[in-house]
Q: 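Structure incoming, see below.
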Amino acid sequence: MSRAVIYEAFGGPEVLEVREVPEPHAGPGEVRVRVAAAGLNPMDWILASLPEAAEQFGVTVPSGFGHDFAGVVDEVGVGATGFAVGDRVYGGALSRAVADFVVVKVPAEASEVLSHTPEGISDEVASTLPVAGLTAAAALSAIDLRSGDTVLIGGAAGGVGVFAVQLAKLVGARVIGTASESTFEFLRQLGIEPVAYGAGLADRVRTLAPDGVTAATDLFGTETAETALALGVPPERISTIAAGPNPPGGVRATGGSEAGPDALARITDAILAGKITVPIAATFPIEQTHDAVTLQAGRHVHGKIVITL
């Protein structure tokens, strides 16, 4: 038997239970990963709490929980290539990651990701990368961000935001990030100019950037996208990740599936070079998954939350 977080009905953190489940094994064309760490994302608890969101991803109850993981390959099925027992790996498996073992096909299927973990990157850090890193890369790629841009990033201190703001800095853009005032010092340490979200955002951005904003990405709702439109940013240079398929004003809706094939490699290279910091706000053992999800759902976390196994 092995452990996995399971929920049998949709709801808040209280529906998540650590269960003893039969130990899975790698079949033909599959590898099994002994999970060491699982990084949480808002999509994890959104799928667990909203049946309509779960339906869009084909998730039904009872279900496992979590997407991002890192660990070590400990079984390789017949015909599976590219991975060997003992390989350190990280990746994503929809609604299955917070468990002692994850079985994935190789090559990975559409809802899965599996990559070798570079030497020098811990399992905890690797487990934060797939969803947040790919989504951040896609959000910036969609607006063709380039050196010399002044970009407004909404939700700058969140799990995706901490990657987006640093990737934008690496491109050579000036970065203004919306956040709560309690996160301002945290963002300044990343080289970002913070601005408070909420009523009057456009005026505050004009004060910070009197010469204008040239691009924007909204990582939380639509406020930043609407503000950028009001500031005269062309809709094709504004992206959103959480506004649904029809965001306001014809701006570009995008997500991690639209990131370039080398996006994760570029991010891990930047981490190893010391050019990107991955702030891990808190780690919790699997037995405290309730507490981890409650903390993240409060939307006031500076960085990523990781479950350890």
Q: Just by modelled atom types, is the A196 backbone N or O under 3.5 Å from a matching donor or acceptor in the E181 side chain?
A: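 The answer is no, because no donor-acceptor pair under 3.5 Å joins these two groups.
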Q: Please examine the side chains of Y197 and S180, heavy atoms only from C-beta on, and report whether any two atoms are closer than 4.5 Å.
A: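 Result yes, sub-4.5 Å side-chain heavy-atom pair found.
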Q: Let me see the working for N41 and K304 under side chain to side chain contact (heavy atoms under 4.5 Å, CB included), right down to the final yes or no.
A: CA-CA 8 Å; N41 298 285; K304 299 289 292 183; 2.8 Å; yes
Q: As an exercise, state the distance from OG1 of T289 to CG of L309, rounded to the nearest 0.5 Å.
A: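 The OG1 atom of T289 sits 7.5 Å away from the CG atom of L309.
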Q: Between the main-chain N or O of P13 and the side-chain N or O of H290, is there a donor-acceptor pair closer than 3.5 Å?
A: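 Such a contact is found between H290 side chain and P13 backbone.
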Q: How far apart are the C-alpha atoms of V131 and D44, what are their side-chain angles, what is the distance that settles it, and do they pass the side chain to side chain contact (heavy atoms under 4.5 Å, CB included) test?
A: CA-CA 10 Å; V131 165; D44 300 325; over 6 Å; no
Q: Quick one: does any side-chain atom of T135 pair with a main-chain N or O of A132 as donor and acceptor, under 3.5 Å?
A: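 No, because the side chain of T135 does not come within donor-acceptor range (under 3.5 Å) of the backbone of A132.
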Q: Please say yes or no: joined through hydrophobic side-chain contacts below 4.5 Å, possibly via intermediate residues, are V98 and V104 part of one cluster?
A: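 Same hydrophobic cluster.
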Q: In terms of heavy-atom contacts, does CD of E119 have more than 12 from other residues, nucleotides or ligands at under 6.0 Å?
A: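 Counting other residues, nucleotides and ligands, CD of E119 stays at 12 neighbours or fewer.
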Q: Checking Q166 side chain against L190 main chain: does a donor-acceptor pair fall under 3.5 Å?
A: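 Pair absent, no side-chain N/O of Q166 close to backbone of L190.
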Q: Between R3 and E287 (salt bridge meaning N to carboxylate O under 4.0 Å), is one present in this structure?
A: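 Salt bridge flag = yes for E287 with R3.
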Q: Please answer: with hydrophobic residues joined when any side-chain heavy atoms are less than 4.5 Å apart, are L219 and L201 in the same cluster?
A: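 Different clusters.
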Q: Is the terminal nitrogen or CZ of R96 (NZ for Lys, CZ for Arg) located under 6.0 angstrom from the six-membered ring centre of F65 and within 45° of that ring's axis?
A: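 No, a cation-pi geometry is absent between R96 and F65.
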Q: How long is the gap from OG on S49 to CD on E14, to the nearest 0.5 Å?
A: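 S49 atom OG to E14 atom CD measures 9.5 Å (nearest 0.5 Å).
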Q: Other residues, nucleotides and ligands only: do more than 12 of their heavy atoms fall within 6.0 Å of CD on E236?
A: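 Above 12, so yes.
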Q: For R34, which of D74, D123, D100, D87 qualifies under salt bridge (charged side-chain N to carboxylate O under 4.0 Å, His left out)?
A: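 Testing each of D74, D123, D100, D87 against R34, the sole residue satisfying salt bridge (charged side-chain N to carboxylate O under 4.0 Å, His left out) is D100.
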Q: Under a 4.5 Å side-chain heavy-atom rule over Ile, Leu, Val, Met, Phe, Trp and Tyr, are V165 and L145 clustered together?
A: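 Yes, same cluster.
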Q: Is there side-chain contact between P235 and L229, with at least one heavy-atom pair below 4.5 Å?
A: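 Yes - at least one pair of side-chain heavy atoms lies under 4.5 Å apart.
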Q: Do the side chain of S95 and the main chain of G66 share a donor and acceptor less than 3.5 angstrom apart?
A: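 No.
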Q: Could you tell me whether the side chain of F69 reaches within less than 4.5 Å of the side chain of L114, counting heavy atoms only?
A: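 Answer yes - side chains close enough.
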Q: Quick one: which of L295, V293, T308, L40 gives a side-chain contact (heavy atoms from CB on, under 4.5 Å) with F284?
A: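 With F284 as partner, L295, V293, T308, L40 yield a single side-chain contact (heavy atoms from CB on, under 4.5 Å), made by L295.
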Q: Can you find a pair of side-chain heavy atoms, one from D218 and one from V251, that are under 4.5 Å apart?
A: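 They are not in contact (no side-chain heavy atoms under 4.5 Å apart), so the answer is no.
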Q: Quick one, D269 with R266, criterion salt bridge (Lys or Arg N to Asp or Glu O under 4.0 Å). Give me CA distance, side-chain angles, the key distance, then yes/no.
A: CA-CA 5 Å; D269 286 348; R266 287 190 291 109; over 6 Å; no
Q: Quick check: do T277 and Q189 have side-chain heavy atoms less than 4.5 Å from each other?
A: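 Sidechains of Q189 and T277: no contact.
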Q: Is the gap between the ring centers of H116 and F83 under 6.0 Å?
A: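 Ring centroids of H116 and F83 are less than 6.0 Å from each other.
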Q: Supply the atom-to-atom distance L129 CG to I276 CD1, rounded to the nearest 0.5 angstrom.
A: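 Taking CG in L129 and CD1 in I276, the distance rounds to 9.0 Å.
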Q: Test E124 against every option in V278, I307, I280 by the side-chain contact (heavy atoms from CB on, under 4.5 Å) rule and name the one that passes.
A: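 By the side-chain contact (heavy atoms from CB on, under 4.5 Å) criterion, E124 pairs with just one of V278, I307, I280: I280.
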Q: Atom CZ in R146, atom OG1 in T214: separation rounded to 0.5 Å?
A: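 Going from CZ on R146 over to OG1 on T214, the span is 7.5 Å.
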Q: Closer than 3.5 angstrom, by distance alone: can the side chain of T222 be matched with the main-chain N or O of A225 as a donor-acceptor pair?
A: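 Judged by distance alone, no pair lies under 3.5 Å.
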Q: Out of curiosity, L16 CG to Y7 OH, how far, rounded to the nearest 0.5 Å?
A: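 Going from the CG atom of L16 to the OH atom of Y7 covers 8.0 Å.
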Q: I'd like to check K169 versus I192 (side-chain heavy atoms, cut-off strictly below 4.5 Å). Are they in contact?
A: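 In contact.
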Q: Could you check if a side-chain atom of P130 sits within less than 4.5 angstrom of a side-chain atom of S115, using non-hydrogen atoms only?
A: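 Counting from C-beta outward, P130 and S115 never come under 4.5 Å.
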Q: How far does OG1 of T240 sit from CZ of R252, to the nearest 0.5 angstrom?
A: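 So the gap between those two atoms works out to 10.0 Å.
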Q: Would you mind reporting whether L47 and F10 have side-chain heavy atoms less than 4.5 Å apart?
A: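 Answer no - side chains too far apart.
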Q: Let me see the working for V106 and T81 under side chain to side chain contact (heavy atoms under 4.5 Å, CB included), right down to the final yes or no.
A: CA-CA 7 Å; V106 290; T81 60; 5.7 Å; no
Q: Decide, yes or no, whether a salt bridge links K105 with E112 under the criterion of side-chain N to carboxylate O below 4.0 Å.
A: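 E112 and K105: not salt-bridged.
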Q: Evaluate side chain to side chain contact (heavy atoms under 4.5 Å, CB included) for F186 paired with V162, printing each intermediate quantity in order.
A: CA-CA 10 Å; F186 166 74; V162 294; 3.7 Å; yes
Q: Please answer whether the main-chain N or O of V103 pairs with a side-chain N or O of R32 as donor and acceptor at a distance below 3.5 Å.
A: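 Not confirmed, R32 side chain does not pair with V103 backbone.
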